[in-house]
Q: 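Could you have a look at this structure, given as structure tokens, before my questions?
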Amino acid sequence: MEVKPVKGTHDILGADIILYQRIEDALAKTAHTYGYLEFRTPIIEHTELFSRSVGDSSDIVRKEMYTFLDKGNRSLTLRPELTAGIIRTIVNNKLYASQDFPIKASYIGPAFRYERPQAGRFRQFSQFGVEAVGLDSHLIDVEVISLGYNALKSLNFIDITLKINTLGDDESRNNYREALRAYFSEHIKDMCSDCKERLKINPLRILDCKVEEDQKIIKQAPRIQDYLTSDSKERFSKTVNLLDSLKIKFDLDENLVRGLDYYSEVVFEYHYISRDGKSFGALGAGGHYSHLVEELGGPNLAGVGLSFGIERLAQVVENEKLLFDAFPFLAFYIMPIGDVNIEKVYELNEKIHRLGYPSEMAYESKSLKALFKKAEKRSALFAILIGDEELEKEVLTIKNLRTKEQTSVALADFDNVANNIVEEELVELNEER
RNA sequence: GCGAUCGUGGUGAAGUGGUUAACACAUCUGGCUGUGAACCAGACAUUCGUGGUUUCGAUUCCCAUCGUUCGCCCCA
């Protein structure tokens with residue numbers, strides 16, 4: 001019987017990969033312009049890395065990780081996100097020793113979560129993100145938010161909704177958590193079972209419950225603003241003001257909390273609603289963290305980071321046709337005619353490869369009808385026809401597949417001619433678009 | 001973890017307790033020995049996700065299982 005791909009995983013084949021490459025290039029380039037270079041860390045890590053960073057109270061750690069014992073009886077986990085690995089490597093390599101802060105890293109690669117697949121959500125998915133560690137300032141918080149915003153712009157996104165909120169520092173958060181706990185304890189008997197569970201684990205998470213009856217209770221709940229320390233309050237208003245002067249639009253969302261336990265101070269999400277009203281949840285999200293580095297065995301350094309879901313971006317980019325120029329093509333498709341010496345044709349094919357033009361040949365001579373169809377399927381710009389006549393006279397018959405013009409070119413001149421006609425044709429194509 | 005939905009060729013799909021399993025597109029061959037159309041004639045599912053049950057007989061009913069798509073939860 002046929003072996004199927006694992007649930008929630010997908011193959012991306014041939015031409016479809018071009019969209020992903022375009023997106024990944026654009027994201028990496030934006031990160032680069034802000035001074036972030038890629039860190040590439042392993043896909044498997046010790047389970048403990050995630051229980052300590054993402055947090056035991058998070059859904060991710062409690063029920064969504066691919067965890068297994070290896071042959072040495074170590075508990076390992078396929079990473080459910082990439083931040084933890086980045087912080088671990090910063091600690092392991094003592095990148096903080098030079099005191100040259102912030103340490104900037106970007107990352108891109110697969111992550112795994114055991115969830116039910118649905119729109120924009122898979123069990124294997126890819127994340128792109130950045131982390132800035134060691135500088136505890138609203139400046140770097142804003143830089144990361146802005147980087148994400150511009151990354152989306154570079155993919156031609158318009159109408160991005162940036163939601164932001166602050167969770168405050170430790171003191172703010174502790175006070176607020178206690179206030180919430182006290183408040184919800186009185187009302188919990190009327191609330192949904194998930195909220196009952198959240199009250200025990202992390203009362204902050206009750207705030208983004210969507211059950212209607214619960215919403216009424218949540219509206220009356222204590223608000224984070226009233227529990228922020230003056231430091232946190234000031235930091236958040238500086239953040240907001242700077243975003244304003246950068247002309248980055250945002251919505252304050254007091255109920256925005258995050259499912260990962262390590263966040264404090266500013267948190268944010270990028271949302272996009274397509275023209276047909278479809279949403280894939282957040283395209284990207286991030287926030288500031290105060291204790292993550294210390295928790296993973298490093299010094300007491302703060303950080304800020306964000307991440308995007310590549311598949312979600314790809315789906316929107318494709319649905320909304322945000323990128324136009326991503327199509328594959330061959331410069332030349334070589335057609336052997338009749339019982340021409342196929343080895344000679346192959347030699348020419350090889351020669352064109354070496355000149356650097358994407359080209360392909362038909363490996364056997366067929367009806368011209370069939371050969372032209374193949375050329376069209378590959379979006380070739382030109383066909384090169386070679387039969388006995390051409391070989392004898394040492395010429396090539398080159399046909400422009402768009403205009404149907406056909407010329408005969410001496411084999412010796414091919415290098416020069418190829419360069420000119422390909423350039424010209426690309427210019428023409430771009431003008432047409 | 002919960003709820004719904006759907007699984008028939010390379011693709012889109014119709015259909016029925018007993019059929020040669022329609023139709024269309026794509027592909028291949030020939031009509032037409034070196035120029036992409038159209039047309040015509042052919043070819044193309046040892047079979048209807050997998051396993052089992054009922055039945056004289058199952059692609060069709062039933063059960064299970066795997067997978068798809070979508071929603072909840074949560075998340076990127």
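A note on names: the letters A, B, ... follow the listed sequences, proteins ahead of strands, and every chain is numbered from 1.
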Q: Regarding A:Glu81, tell me which of base, sugar-phosphate or nothing describes its non-hydrogen contacts under 4.0 Å with the strands shown.
A: nothing

Q: Could you measure between the two C1' atoms, the one in B:U54 and the one in B:G17, and give it in whole Å?
A: 11 Å

Q: Which nucleotide sits closest to the side chain of A:Gln127: B:G36, B:A76, B:G34?
A: B:A76

Q: For RNA chain B, which consecutive runs of 3 or more Watson-Crick or G-U pairs (each distance under 3.5 Å) count as stems?
A: B:1-4 with B:69-72, B:10-12 with B:23-25, B:27-31 with B:39-43, B:49-52 with B:62-65

Q: Once you apply a heavy-atom cut-off of 4.0 Å, does A:Gln406 come out as touching a base, just sugar-phosphate, or nothing?
A: base

Q: Heavy atoms under 4.0 Å, any strand shown: does A:Gly284 hit a base, just sugar-phosphate, or nothing?
A: sugar-phosphate

Q: Under 4.0 Å, heavy atoms only, any strand: does A:Leu401 hit a base, just the sugar-phosphate, or nothing?
A: base

Q: Do A:Thr397 and A:Gln406 make a side-chain contact, defined as non-hydrogen atoms from C-beta onward lying under 4.5 Å apart?
A: yes

Q: Determine the Euclidean distance between corresponding P atoms of B:C2 and B:C66; express it in Å to zero decimal places.
A: 12 Å

Q: Of the candidate nucleotides B:C73, B:C28, B:G34, which contains the atom at the shortest distance from the side chain of A:Glu389?
A: B:G34

Q: Can you tell whether the side chains of A:Asp25 and A:Arg22 come within less than 4.0 Å, N to carboxylate O?
A: no

Q: Need one value for A:Lys399: base, sugar-phosphate or nothing, where a base atom within 4.0 Å counts as base even if backbone is also close, heavy atoms only.
A: base

Q: Within a reach of under 6.0 Å around NZ of A:Lys344, are more than 12 heavy atoms found that belong to other residues, nucleotides or ligands?
A: no

Q: Mind calculating the distance between CD1 (A:Ile386) and P (B:U35) to the nearest angstrom?
A: 17 Å

Q: For the P atoms, the ones on B:U46 and on B:U59, what distance do you get once it is rounded to whole angstrom?
A: 14 Å

Q: Where the side chain of A:Lys7 is defined as all heavy atoms beyond and including C-beta, which of B:U68, B:C28, B:U35 is the nearest nucleotide?
A: B:U68

Q: Hey, is the side chain of A:Lys373 poking within less than 4.0 Å of OP1 or OP2 on B:U27, counting only N and O atoms?
A: yes

Q: Please check: side-chain N/O of A:Thr77 versus main-chain N/O of A:His46, any donor-acceptor pairing under 3.5 Å?
A: no

Q: Rounding to an integer number of Å, can you tell me how far A:Asp59 CG sits from B:C73 P?
A: 11 Å

Q: Stacking here means centres under 5.5 Å and planes under 30°; does A:Phe308 stack on B:A76?
A: no

Q: Describe the nucleic acid contact of A:Glu390 in one word from base, sugar-phosphate, nothing, applying a heavy-atom distance below 4.0 Å.
A: base

Q: To the side chain of A:Ala119, which of B:A76, B:U35, B:C70 is closest?
A: B:C70

Q: Roughly how far apart, to the nearest Å, are B:U8 and B:A45 at atom C1'?
A: 9 Å

Q: Answer with base, sugar-phosphate or nothing: what part of the nucleic acid does A:Gly148 contact at a heavy-atom distance below 4.0 Å?
A: nothing

Q: Heavy atoms under 4.0 Å, any strand shown: does A:Glu115 hit a base, just sugar-phosphate, or nothing?
A: base

Q: With a 4.5 Å heavy-atom cut-off, do A:Leu76 and A:Leu69 have their side chains touching?
A: no

Q: Start at the 5' end of RNA chain B and walk down; is the nucleotide closest to A:Arg402 or to A:Arg312 reached first?
A: A:Arg402

Q: Say we look at B:A21 and B:U33: how far apart would their P atoms be, to the nearest angstrom?
A: 38 Å

Q: Side chain of A:Lys369 only, heavy atoms from C-beta on: which candidate in B:U35, B:C72, B:A37 is closest?
A: B:A37

Q: What is the nucleic acid contact for A:Ile310, judged by heavy atoms within less than 4.0 Å: base, sugar-phosphate only, or nothing?
A: nothing

Q: Contact class for A:Ile337 (heavy atom, under 4.0 Å): base, sugar-phosphate, or nothing?
A: base

Q: Other residues, nucleotides and ligands only: do more than 12 of their heavy atoms fall within 6.0 Å of OH on A:Tyr114?
A: no

Q: Students often get this wrong, so: under 4.0 angstrom with heavy atoms, is A:Gly129 touching a base, only sugar-phosphate, or nothing?
A: nothing

Q: With respect to A:Leu256, which candidate in A:Val267, A:Leu207, A:Leu167 satisfies the side chain to side chain contact (heavy atoms under 4.5 Å, CB included) definition?
A: A:Val267

Q: Which whole number of Å gives the distance between the P atom of B:G31 and that of B:A37?
A: 15 Å

Q: Strictly below 4.0 Å: does A:Gln118 bring a side-chain N or O up to OP1 or OP2 of B:C70?
A: no

Q: Considering only the C1' atoms, how many Å lie between B:C40 and B:G57, rounded to the nearest integer?
A: 41 Å

Q: Pick the C1' atom in B:A58 and in B:G49, then give their distance to the nearest Å.
A: 16 Å

Q: Between the main-chain N or O of A:Leu252 and the side-chain N or O of A:Asn165, is there a donor-acceptor pair closer than 3.5 Å?
A: no

Q: Go through B:U69, B:G36, B:C28 for me and flag the one nearest to the A:His10 side chain.
A: B:U69

Q: Go through the side-chain N and O atoms of A:Ser359 and A:His353 and say whether any donor and acceptor fall under 3.5 Å apart.
A: yes

Q: Just call it for A:Phe122: base, sugar-phosphate, or nothing, with non-hydrogen atoms closer than 4.0 Å on any strand.
A: base

Q: If only atom types and distance count, is the side chain of A:Tyr357 paired as donor or acceptor with the main-chain N or O of A:Val422 below 3.5 Å?
A: no

Q: For the side chain of A:Arg116, starting at C-beta, report the closest nucleotide among B:C28, B:A4, B:A76.
A: B:A4

